[in-house]
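Taking it in order: structure first as structure tokens, then the write-up.
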Amino acid sequence: MNLRPLCLVFSNMVFLSTVILSGCATSPNNAQPETAEAEDFNDPLEDANRKIFDFNQIVDRNVLVPVAKAYRTVLPDPVRDSLRDFLRNLRAPLIFANNALQGDFEGAGQTFARFTLNSTLGVGGLIDVAGRWGQLPYHEEDLGVTFGVWGIPEGPYLVVPLLGPSDPRDLVGQVGEGFGDPFNLLVTGNPYTLYWIPFVRGGVSGIDQRSRYIETLADIERTSLDYYATIRSLYRQRRASLVRGQRENLPPPASFSRNDNPTMAAHHSPQTAMASESKIVSGISW
């Protein structure tokens, strides 16, 4: 039996229980009018979230960014693009399932066509034939977005150690996809039992995405008066746009842990992303 997913679920449950209980333990007498702004952003655990955010920033600056820079230096652009296309192709069954669960059968058909073309003509997904020549661009879907389409509320904003911005709805979705990913089930089950491959896949995916946003996130951090609030706003805006089915002009992903679509935001400067964000979110200045 593969115990790794169970360990992930247990650790996430412990984390959620801790932060929720810490929020519930706050005395009602401590509720002051000045907390209204935090409630507007649905961030009742802001103090704990900021501490975890600071920890994640230390890891990001001292580990992830140097590794991402080395990755970008060692591997030429065509190799990195092929690796990204391959990783995206592995997610196609999950994207297809989420399209179908959302009732987006047109999107499901496009995902199936992409997977078929890229897995055959694209040499197992190393070349995005469907996107480059077939007018079937990659689109992002996950179980957290599906829950949102179903009307399940996102819950309070959370910052998860190492994983970054999230919320209970997205966190449950990530765990669910960890159990249901066909590729992970294939390589970790009999006869292969290659338990290390999903960890390598996740690590390479995160490093690849982080390498594509080194300058963008650095500029956002430099121009933000409150980087935590900016990241929180970008994350919530991005996820809300995906739930609404708006896949164009997405802000940059606020977390290196997700296999998001970098091509959408690559054509927009950090100032453009923050300007579009400020139209939606009030109470934050950069």
Side-chain angles (χ1 to χ4, degrees), residues 1-15 56 59-60 63-64 66-68 70-76 78-101 111-112 114-131 138 140-146 160-164 166 170-212 253 255-262:
M1 178 180 179
N2 182 6
L3 298 179
R4 301 300 178 93
L6 294 179
C7 293
L8 176 61
V9 174
F10 179 74
S11 61
N12 284 331
M13 289 179 62
V14 170
F15 170 76
N56 286 350
V59 175
D60 185 55
V63 179
L64 291 172
V67 171
Y71 168 85
R72 193 164 64 178
T73 301
V74 172
L75 298 181
V79 175
R80 287 188 282 115
D81 289 343
S82 291
L83 184 57
R84 179 194 61 185
D85 292 340
F86 175 74
L87 292 170
R88 285 180 176 179
N89 198 54
L90 292 181
R91 278 194 55 81
L94 288 173
I95 295 174
F96 173 83
N98 281 294
N99 283 140
L101 290 172
T111 300
F112 180 80
R114 273 185 54 84
F115 181 72
T116 302
L117 288 172
N118 289 343
S119 297
T120 53
L121 300 179
V123 195
L126 290 173
I127 303 173
D128 186 4
V129 175
Y138 173 85
E140 177 188 340
E141 294 291 351
D142 57 61
L143 192 54
V145 173
T146 298
V160 183
L162 301 181
L163 297 181
S166 188
D170 288 346
L171 197 56
V172 171
Q174 281 185 282
V175 174
E177 287 198 347
F179 275 105
D181 191 304
F183 176 78
N184 288 349
L185 292 173
L186 174 65
V187 299
T188 59
N190 292 324
Y192 301 109
T193 61
L194 301 174
Y195 299 115
W196 54 273
I197 289 184
F199 294 96
V200 173
R201 173 190 174 188
V204 172
S205 178
I207 292 170
D208 178 77
Q209 177 161 301
R210 189 64 182 93
S211 71
R212 298 173 187 274
S255 169
F256 52 80
S257 64
R258 293 184 175 277
N259 187 24
D260 294 336
N261 181 6

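Values reported hereafter were calculated over all heavy atoms of this structure, with side chains retained and with hydrogens, waters and symmetry mates removed.
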Notebook entry, point to check: Where do Phe86 and Gly124 come nearest, in terms of heavy atoms and distance?
Noted result: CD1-O, 3.3 Å
Note to self: Looking at every non-hydrogen atom in both residues, tell me the closest pair between Arg212 and Arg80 and how far apart they are.
What the structure shows: NH2-O, 3.2 Å
Check: Which pair of heavy atoms, one from Thr188 and one from Pro198, lies closest together, and at what distance?
Finding: CG2-CG, 3.7 Å
Notebook entry, point to check: Are Arg114 and Asp85 ion-paired here, with the side-chain N under 4.0 Å from a carboxylate O?
Noted result: no
Check: Are any of the side-chain heavy atoms of Asn98 and Val145 separated by less than 4.5 Å?
Finding: no
Item checked: Which residues share a side-chain contact (heavy atoms from CB on, under 4.5 Å) with Leu185, sequence neighbours left out -> none
Next item on the list: Step through the shown structure and confirm whether more than 12 heavy atoms of other residues, nucleotides or ligands are within 6.0 Å of CZ on Phe112.
Entry: no
Note to self: Whether the side chain of Thr120 engages the backbone of Leu117 through a donor-acceptor N/O pair (distance < 3.5 Å, no angle test) should be reported.
What the structure shows: yes
Next item on the list: Enter the distance from Arg201:CZ to Leu90:CG here, rounded to the nearest 0.5 Å.
Entry: 5.0 Å
Next item on the list: State, yes or no, whether a side-chain contact exists between Leu94 and Pro182 at a heavy-atom distance under 4.5 Å.
Entry: yes
Next item on the list: May I ask you to say whether Asp60 pairs ionically with Arg210, meaning some side-chain N is under 4.0 Å from a carboxylate O?
Entry: yes
Notebook entry, point to check: What is the distance from atom CG of Asp128 to atom CG of Asp81, rounded to the nearest 0.5 Å?
Noted result: 10.0 Å
Item checked: Non-neighbouring partners of Thr193 that pass side-chain contact (heavy atoms from CB on, under 4.5 Å), sequence neighbours left out -> Asn190, Tyr195
Check: Roughly how far, to the nearest 0.5 Å, is CZ of Phe199 from CG of Leu194?
Finding: 12.5 Å
Item checked: Spacing of CG belonging to Leu126 relative to CG belonging to Leu87, to within rounding of 0.5 Å -> 9.5 Å
Checklist line | Heavy-atom closest contact (Asp170 atom, Gly144 atom, distance) | finding: OD1-CA, 3.5 Å
Next item on the list: Ignoring hydrogens and angles, tell me if any N or O in the side chain of Ser82 forms a donor-acceptor pair with the backbone of Val79 under 3.5 Å.
Entry: no
Next item on the list: Measure from the side-chain N and O atoms of Arg88 to the backbone N and O of Gly125, and report whether any donor-acceptor pair falls under 3.5 Å.
Entry: no
Margin query: Any heavy-atom pair between the side chains of Ile95 and Phe115 that's under 4.5 Å?
Written below: no
Next item on the list: Under the side-chain contact (heavy atoms from CB on, under 4.5 Å) rule, collect the residues that match up with Leu186, sequence neighbours excluded.
Entry: Tyr192
Next item on the list: Specify the closest pair of heavy atoms between Ser211 and Arg72, including all atoms of both residues, with the distance to one decimal.
Entry: O-NH1, 2.9 Å
Next item on the list: Starting at CG of Asn56, measure out to CG of Leu163 and round the result to the nearest 0.5 Å.
Entry: 8.0 Å
Check: Just by modelled atom types, is the Ala130 backbone N or O under 3.5 Å from a matching donor or acceptor in the Asn118 side chain?
Finding: yes
Note to self: Which heavy atom of Asn99 sits nearest to which heavy atom of Glu141, and what is that distance?
What the structure shows: ND2-CG, 3.5 Å
